[in-house]
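Quick notes on the structure that follows.
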Amino acid sequence: MEMPKPSRFVLSKKDQIVAALLAVLPEDAVISDPMETQAYECDALTAYRCPPMVAVLPRTTQEVSEVLKICHAEGVPVVPRGSGTSLAGGALPTADAVILGVSRMNKVLETDYENRFIRVQSGRTNLSVSGAVEDEDFFYAPDPSSQLACAIAGNIAMNSGGAHCLKYGVTTNNLMGVTMVLMDGTIIEIGGAHLDAPDLDLLGVVCGSEGQLGVVTEATLRILAKPEGARPVLIGFDSNAVAGACVADIIKAGVLPVAIEFMDRPIIEICENFAKAGYPQCEALLIVEVEGSEEEIQDQLDRISQIAKSHNPVELRQSSSDAESAAIWLGRKSAFGAVGQVADYMCLDGTIPVSELPAVLKGIEDLSEKYGLRVGNVFHAGDGNMHPLIMFDANKPGDLELCEAMGADILRLCVAHGGCLTGEHGVGIEKRDLMTDQYSEIDLEAQMAIKDVFDPKWLLNPAKVFPLSVSQDRREVRS
Amino acid sequence: MSAQIVNPSNEEELVDYVKAAQSPFAIAGGQTKSAPDADVAVSSSEIKGIDVYEPGALTLVAKAGTPIEDIEATLASEGQRLAFEPGDMRGLLKTKGTPTLGGVMASNASGPRRIQTGAARDHLLGVRFVDGLGNVIENGGRVMKNVTGYDLVKLLAGSRGTLGFLTRLSLKVLPVPETSLTLRIEAPNAEIGVKVLSAALGSPYDVTGAAWVGGESFVRIEGFEGSVNYRANRLESELGQFGDVSKHQTENIWRNIRDAEPFHKIEGDVWRISVKPSDGPKVLSALPGQGFLDWGGGLVWVCVPPKTDVRGILDQITGHATLIRGQGHGPTLNPATSDTKIILNGIRHKFDPRSVFSAPQAVNP
């Protein structure tokens with residue numbers, strides 16, 4: 001992965017920059033010893049590493065503003081970092097960068113049940129937002145798998161989704177407002193406890209901008225009353241195509257489940273060996289979860305089972321208790337860990353129109369044969385968000401490169417079928433060079449024009465999202 | 001002033017027009033809003049038609065000039081709909097014309113269900129548009145989840161023709177529920193009204209409409225019949241503490257709220273004000289004239305004497321106010337703070353450096 005050459009000029013000023021940062025931050029908030037900055041060398045995309053020049057851990061919006069003013073004046077790139085759980089390399093540093101970690105900014109600032117929102121500092125973890133309101137039977141809906149660790153800041157940067165977004169939407173549909181610091185240190189407020197934008201929807205474009213437009217320090221999030229209950233049904237099929245058709249029929253029938261999860265044979269086998277969840281051995285498994293009161297749940301599960309039966313399932317198991325629900329979810333929830341036990345793997349998240357599921361799964365199978373690497377598919381079928389897991393051996397020379405090449409082909413396949421490169425993980429550095437497969441130069445120019453306005457010197461989160469060749473002119477202006 | 005209307009028959013002709021334009025023009029959809037304050041209006045009405053409709057994927061792709069009623073009829077044939085309930089302002093504005101998909105999305109027009117299912121922008125999956133230089137730009141796509149690059153889709157939704165001329169849009173659509181029930185709860189004043197609505201919206205019963213009009217709160221539940229009855233009964237007993245509750249099977253009340261029907265036959269400036277729901281009653285009591293509340297109290301509709309300084313009066317309340325009808329005080333849209341204005345103007349300049357998109361109603365002074 002090509003990264004821009006670090007600026008020797010910036011590196012030569014390190015001592016001066018550290019001194020300036022120490023003048024506005026407490027001593028424990030500035031990390032400049034190379035032994036310690038190493039802790040920030042990568043995020044969850046561990047294949048790529050580069051320790052930053054300095055890391056800072058501010059505690060307030062004002063401190064973030066002071067840091068950015070200094071970096072702006074000195075021309076130092078800044079890489080914002082939530083909890084470092086990005087699977088796309090969204091928080092990968094450059095050697096001349098300051099990592100701006102928001103992990104110490106984790107306070108709840110306001111909870112308002114009457115108006116159904118919570119305002120938090122952006123370093124707060126996703127799950128602990130729900131934790132802060134659960135005593136009142138409320139929750140925050142977006143639920144990425146990393147929710148125990150991932151920060152709201154990162155969720156906003158990547159517009160994160162999760163298993164339950166079929167019903168509740170992704171981050172952008174649940175975000176009401178932000179306090180954001182621009183690269184020059186200006187603090188702006190966008191949105192708040194009221195709905196919709198007075199003018200252009202800046203919140204909409206900030207969400208999902210991968211930390212390249214500003215550093216979000218506080219967020220106002222919509223909270224919802226918890227449903228009375230939830231239960232899944234497990235349905236097995238003898239072909240991916242039939243499972244795909246069943247998904248479409250469920251959606252068409254007007255039942256709106258909170259989640260429809262799909263697993264194919266390789267994943268079913270690996271999960272079963274690992275978790276012993278009692279899954280049937282078949283070509284495709286669906287887990288469909290619905291919510292409501294006991295009667296409402298039963299009614300919806302019956303409707304879904306009725307639809308499933310018209311597709312001749314090889315297994316159909318409605319959960320009738322919490323224990324049975326847990327058993328059904330056990331395999332799915334341990335999928336990533338289970339695959340990790342048998343191989344190194346790369347997780348993609350291309351999204352496709354639901355109707356294209358069978359064709360894309362077949363295409364992935366063909367690519368698997370062509371490249372000689374195993375692939376398992378486990379994904380959110382209701383919204384077409386695929387998660388192909390390509391298995392490889394990191395110790396075998398050339399295997400990582402083979403895996404990356406195959407991953408790129410799978411994503412191109414998704415685009416060719418009317419889909420996109422990434423549904424919820426973000427572009428980061430991982431999919432940066434594939435952007436031209438989905439967008440024309442003019443399309444990308446329009447996106448980069450937004451960055452020009454927010455961050456004219458192109459200092460924030462450099463070398464992400466846009467192919468280096470496409471963004472070269474703009475980055476050169478900086479140096 | 002009546003503008004000359006230009007009707008490009010397809011996107012190519014539109015691009016040629018934009019590239020050749022020497023002076024500003026307005027963008028017109030179905031001309032249901034007030035007449036554009038420009039010499040020329042370029043209309044999308046010939047750039048129409050549904051390109052893709054996949055009921056099983058809940059997606060529809062159509063050109064911008066497609067009448068909303070055509071889209072709704074197509075969706076209805078498969079038991080689906082636009083869940084965000086776009087309003088029809090013709091009755092309020094005394095205009096004719098036909099609401100179009102492009103117009104609805106360019107104004108991010110959302111009705112009562114916005115509180116539960118999201119705004120128009122939340123149902124827009126992809127856009128194709130022509131910028132002020134005549135470039136054809138695409139963003140987003142036709143899938144439900146998409147974080148590939150910056151989300152210009154949200155930026156174009158509600159941009160009111162100032163960033164680009166929308167030509168094609170992909171939408172998320174949803175099934176029409178089996179049944180719908182509305183609870184009416186006596187609530188003599190807006191404060192009690194919003195308390196009722198907050199209690200309903202803070203329950204797990206998935207309320208899809210929450211309004212206060214003329215001394216009553218209205219709460220809508222939708223879904224399968226058994227489920228609707230169950231939730232309506234639960235809400236009836238929980239909301240009974242506030243006043244008498246009755247149940248009705250009507251959609252009329254929601255159409256009237258959506259289209260600001262209470263103001264169709266009275267004179268005055270009409271404003272649409274978005275605030276924190278518990279501030280809704282404060283807004284109503286601070287302003288002269290008449291009003292009602294949607295979105296659980298968070299959307300205030302008022303009809304006030306002409307030229308009332310609504311923003312001045314509401315100075316201490318956070319939110320934003322949009323002038324929908326009349327020649328009121330200041331610009332149509334809420335003026336931005338100076339730091340935000342730099343960004344807004346910067347973005348407009350990038351997408352329309354020659355300022356050919358004349359949309360006086362939308363622009364900050």
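In the text below, chain A, chain B and the rest are named by the order of the sequence lines, each starting its count at 1. The figures that follow rest on heavy atoms only: side chains count, while hydrogens, waters and symmetry mates do not. In this text, all values refer to a predicted model and were calculated from it rather than measured experimentally.
Closest non-hydrogen pair, B:V147 versus A:G426, comes out as CG2-N, 3.4 Å. B:G202 approaches A:A225 most closely through the heavy-atom pair O-CB, 3.3 Å. What you find for B:V136 and A:I442 is that their closest heavy atoms are O-CG2, 3.7 Å. For the pair B:P204 and A:P227, the tightest heavy-atom approach, listed with the atom from each and the gap, is CB-CA, 4.1 Å. Residues B:R142 and A:H417 approach most closely at NH2-O, 4.2 Å, considering heavy atoms.
Using a 4.5 Å cut-off between heavy atoms, A:I187 contacts chain B through its backbone alone, with no side-chain atom that close. Only the side chain of A:F117 comes within contact range of chain B, judged by heavy atoms closer than 4.5 Å. For a residue to count as touching a neighbouring chain, one of its non-hydrogen atoms must lie under 4.5 Å from one of that chain's; by this rule A:V465 touches chain B with the side chain only. In this structure, chain B has no heavy atom under 4.5 Å from any part of A:V206. The parts of A:I251 that come within reach of chain B are both its backbone and its side chain, each placing non-hydrogen atoms under 4.5 angstrom from that chain. Residue B:V153 does not touch chain A at all, counting heavy-atom pairs closer than 4.5 Å. There is no contact between B:T59 and chain A, counting heavy-atom distances below 4.5 Å. Both the backbone and the side chain of A:K451 come within less than 4.5 Å of a heavy atom in chain B. Neither the backbone nor the side chain of B:L156 comes within contact range of chain A; no heavy atoms are under 4.5 Å apart. Of the atoms belonging to A:P353, heavy atoms from both backbone and side chain fall under 4.5 Å from chain B. Heavy-atom distances place no part of B:L299 under 4.5 Å from chain A, backbone and side chain included. The part of A:R222 that comes within reach of chain B is its side chain, from C-beta onward, which places non-hydrogen atoms under 4.5 angstrom from that chain. Heavy atoms of A:L213 lying under 4.5 Å from chain B belong exclusively to its side chain. For A:M158, the part sitting under 4.5 Å from any heavy atom of chain B is the backbone (N, CA, C, O) and nothing else. Neither the backbone nor the side chain of A:S160 comes within contact range of chain B, judged by heavy atoms closer than 4.5 Å. Heavy-atom distances place the backbone of A:A197, and not its side chain, under 4.5 Å from chain B. For a residue to count as touching a neighbouring chain, one of its non-hydrogen atoms must lie under 4.5 Å from one of that chain's; by this rule B:D131 does not touch chain A. For A:H425, the part lying near chain B is the backbone, with the side chain staying farther off; criterion is any non-hydrogen pair under 4.5 Å. Contacts of A:D137 with chain B are absent, with no heavy-atom separation under 4.5 Å from either backbone or side chain.
More than 12 heavy atoms of other residues, nucleotides or ligands sit less than 6.0 Å from atom CD of A:E110.
Two residues are said to be in side-chain contact when any heavy atoms from C-beta on lie closer than 4.5 Å; A:D201 and B:K154 meet this criterion. With a 4.5 Å cut-off on side-chain heavy atoms, A:D383 and B:V143 do not count as touching. Counting heavy atoms from C-beta outward, A:N115 and B:S278 have side chains that approach closer than 4.5 Å. Side-chain contact between B:S227 and A:D299: absent, with no pair of heavy atoms (C-beta onward) separated by less than 4.5 Å. Inter-residue side-chain proximity for B:N139 and A:D443 is flagged as unmet; no heavy-atom pair is nearer than 4.5 Å. Side chains of B:L174 and A:L256 form a contact here, defined as non-hydrogen atoms less than 4.5 Å apart. Using a 4.5 Å heavy-atom cutoff, the side chains of B:L152 and A:I450 are in contact. Side-chain atoms of A:D196 and B:N108, non-hydrogen and from C-beta on, do get closer than 4.5 Å to each other.
In the model, B:Y230 has a side-chain atom that pairs as donor or acceptor with a side-chain atom of A:E228 under 3.5 Å. For the residue pair B:K145 / A:N385, a side-chain donor-acceptor distance below 3.5 Å is found, with atom types taken as modelled.
Within the 3.5 Å criterion, the main-chain N or O of B:T148 finds no donor-acceptor partner in the side chain of A:T422. Judged by distance alone, the side chain of B:S159 and the main-chain N or O of A:L200 form no donor-acceptor pair under 3.5 Å.
When B:G346, B:G319, B:P277 are compared by the number of non-hydrogen pairs under 4.5 Å with chain A, B:P277 comes out ahead. Looking only at heavy-atom pairs under 4.5 Å with chain A, the residue among B:Q116, B:K172, B:R234, B:M144 that has the most is B:M144. When each of A:N173, A:V354, A:N159, A:L195 is checked for heavy-atom pairs under 4.5 Å with chain B, A:L195 comes out on top. With respect to chain A, the highest number of heavy-atom pairs below 4.5 Å among B:E178, B:E78, B:E54, B:R114 belongs to B:R114. When each of B:A57, B:P175, B:S274 is checked for heavy-atom pairs under 4.5 Å with chain A, B:S274 comes out on top. Most heavy-atom pairs under 4.5 Å with chain A, from the set B:L201, B:D279, B:T322: that is B:L201. Taking chain B as the reference chain and counting heavy-atom pairs below 4.5 Å, the highest number among A:E136, A:M435, A:Q447 is found for A:Q447.
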>> Please determine whether side chain to side chain contact (heavy atoms under 4.5 Å, CB included) holds for the pair A:K167 and B:D206, giving the CA-CA distance in whole Å, both sets of side-chain angles, and the decisive distance to 0.1 Å.
In response: CA-CA 11 Å; A:K167 176 167 180 192; B:D206 215 10; 4.0 Å; yes
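Salt-bridge check for A:E114 with B:K195: failed, with every basic side-chain N at 4.0 Å or more from each acidic carboxylate O.
Side-chain rings of A:Y439 and B:Y150 stay apart, their centers remaining 6.0 Å or farther from each other.
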